[in-house]
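Take a look at the structure below.
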Amino acid sequence: QALQLTLALIKPDAVAHPLILEAVHQQILSNKFLIVRMRELLWRKEDCQKFYQEHEGRFFYQRLVEFMASGPIRAYILAHKDAIQLWRTVMGPTRVFRAHHVAPDSIRGSFGLTDTRNTTHGSDSVVSASREIAAFFPDFSEQRWYEEEEPQLRC
Ligand code: YYY
Ligand code: MG
């Protein structure tokens, strides 16, 4: 399959700031991702807990969950060749210190405020991308997209 899907989120710190929201959206376009689906929503705390359950028990889990439920977020299904790795590169490192010093032009390097308020999320594997896409877009069928849409988009 030529195209891969990933889930990208713009977190509450960035959605709340119109210029940052626009800049992140532009990064998606300028890196030639195809926007397959997009929605904005306010998450409940329970949804955040479930989404980040792999981090349950870590010292940052509580503040992460509170933050993600603190305001609207924007979710995208993005398609690209090697979309998962490409989006993570465009985002930059998780930790704000590393982002600012190692990848200052990345999204997190440009707009990250703290290790928690780090602007964006991206899936980290094919398995987690499927799980995360289903969490945000329950009506979306990956299988159908690959059968009916992806073949027409490939070049
Ligand atoms: O996948 P990614 O978002 O780059 O990092 P993860 O290690 O999966 O952590 C998820 C999420 O948790 C991160 O985006 C912010 C938050 N977090 C934190 O608040 N403090 C840390 N020291 C590490 C992660
Ligand atoms: Mg992660």
Side-chain angles (χ1 to χ4, degrees), residues 1 3-138 140 142 145:
Q1 281 158 344
L3 294 177
Q4 186 179 59
L5 297 177
T6 193
L7 181 88
L9 298 179
I10 307 183
K11 297 187 180 186
D13 58 327
V15 172
H17 194 308
L19 292 176
I20 296 177
L21 178 63
E22 186 55 25
V24 174
H25 188 82
Q26 283 303 324
Q27 284 287 314
I28 291 171
L29 299 179
S30 63
N31 284 282
K32 303 274 192 277
F33 285 98
L34 178 74
I35 297 172
V36 176
R37 294 286 189 280
M38 180 178 115
R39 64 183 287 227
E40 254 169 54
L41 69 160
L42 184 60
W43 238 3
R44 293 172 308 149
K45 217 176 132 179
E46 305 82 75
D47 301 319
C48 302
Q49 286 168 335
K50 200 168 159 209
F51 185 79
Y52 280 119
Q53 63 195 9
E54 65 175 303
H55 297 302
E56 201 179 338
R58 308 279 294 278
F59 70 92
F60 57 80
Y61 180 69
Q62 200 52 36
R63 74 179 188 202
L64 173 63
V65 163
E66 304 264 344
F67 167 59
M68 292 299 286
S70 70
I73 55 182
R74 185 185 282 184
Y76 298 87
I77 303 175
L78 299 179
H80 197 285
K81 188 170 177 294
D82 296 323
I84 293 170
Q85 184 51 52
L86 178 61
W87 177 242
R88 289 195 66 93
T89 302
V90 172
M91 286 202 302
T94 308
R95 308 285 297 273
V96 71
F97 181 86
R98 267 186 68 76
H100 287 164
H101 289 269
V102 179
D105 296 331
S106 67
I107 290 172
R108 285 164 163 176
S110 302
F111 306 117
L113 299 170
T114 68
D115 291 346
T116 302
R117 302 163 88 85
N118 61 1
T119 320
T120 49
H121 168 86
S123 307
D124 64 6
S125 69
V126 173
V127 172
S128 64
S130 293
R131 178 178 79 87
E132 294 177 359
I133 286 168
F136 278 93
F137 299 91
F140 179 78
E142 259 186 68
W145 187 82

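Order of listing sets the numbers, starting from 1, for every ligand and every atom in it. Predicted model only: the values in this text are computed from it and were never measured.
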With a cut-off of 4.0 Å, which atoms of ligand 1 are near a heavy atom of N118?
13 (C), 14 (O), 15 (C)
Within the 4.0 Å heavy-atom shell around T116, which atoms of ligand 1 are there?
18 (C), 19 (O)
So, does M91 sit close enough to ligand 1 that a heavy atom of it is under 4.0 Å from the ligand?
no
How would you list all residue pairs meeting salt bridge (Lys or Arg N to Asp or Glu O under 4.0 Å) that involve residues 48-64, not counting sequence neighbours?
none
Is the number of heavy atoms from other residues, nucleotides or ligands under 6.0 Å of F60 CZ greater than 12?
yes
Could you check whether any heavy atom of R108 sits closer than 4.0 Å to an atom of ligand 1, since that is the contact criterion I want to use?
yes
Backbone, side chain, both or neither: what part of Q62 comes under 4.0 angstrom of ligand 1, heavy atoms only?
neither
Near H55 (heavy-atom distance under 4.0 Å), the atoms of ligand 1 are 6 (P), 7 (O), 8 (O), 9 (O), 10 (C)
Testing the 3.5 Å rule here: is there a donor-acceptor pair between the side chains of Q85 and T89?
yes
Check whether any side-chain heavy atom of F33 lies under 4.5 Å from a side-chain heavy atom of Q27, and answer yes or no.
no
Ligand 1 contacted by D124 (non-hydrogen, < 4.0 Å)
no
What is the closest protein heavy atom to atom 15 (C) of ligand 1, and at what distance does it sit?
D115 O, 3.1 Å
Interatomic spacing from CG in L5 to CG in L34 - rounded to 0.5 Å:
9.0 Å
May I ask you to list the atoms of ligand 1 that are less than 4.0 angstrom from any heavy atom of F59?
22 (N)
Protein residue, atom and distance nearest to atom 2 (P) of ligand 1, heavy-atom basis
T94 OG1, 3.5 Å
Ligand 1 N/O within reach of Y52 N/O, cut-off under 3.5 Å:
no
Just by modelled atom types, is the S123 backbone N or O under 3.5 Å from a matching donor or acceptor in the S128 side chain?
no
Exactly one candidate in R39, H25, R37 meets side-chain hydrogen bond (donor to acceptor under 3.5 Å, both in side chains) with Y76; the answer is H25
Nearest to atom 21 (C) of ligand 1, what protein heavy atom do you find, and at what distance?
F60 CD2, 3.4 Å
Honestly, for E54 the part within reach of ligand 1 (heavy atoms, under 4.0 Å) is neither
In this structure, atom 11 (C) of ligand 1 is nearest to the protein heavy atom L64 CD2, 3.8 Å
Nearest 0.5 Å, what's the OG1-CG distance between T6 and L86?
9.5 Å
Residue portion contacting ligand 1 (non-hydrogen atoms closer than 4.0 Å) for R63:
side chain
Has ligand 1 got any nitrogen or oxygen that is less than 3.5 angstrom from a nitrogen or oxygen of R88?
yes
Does the side chain of D115 reach to within under 4.5 Å of the side chain of T94, using non-hydrogen atoms?
no
Donor-acceptor under 3.5 Å (W87 side chain, H121 main chain)
yes
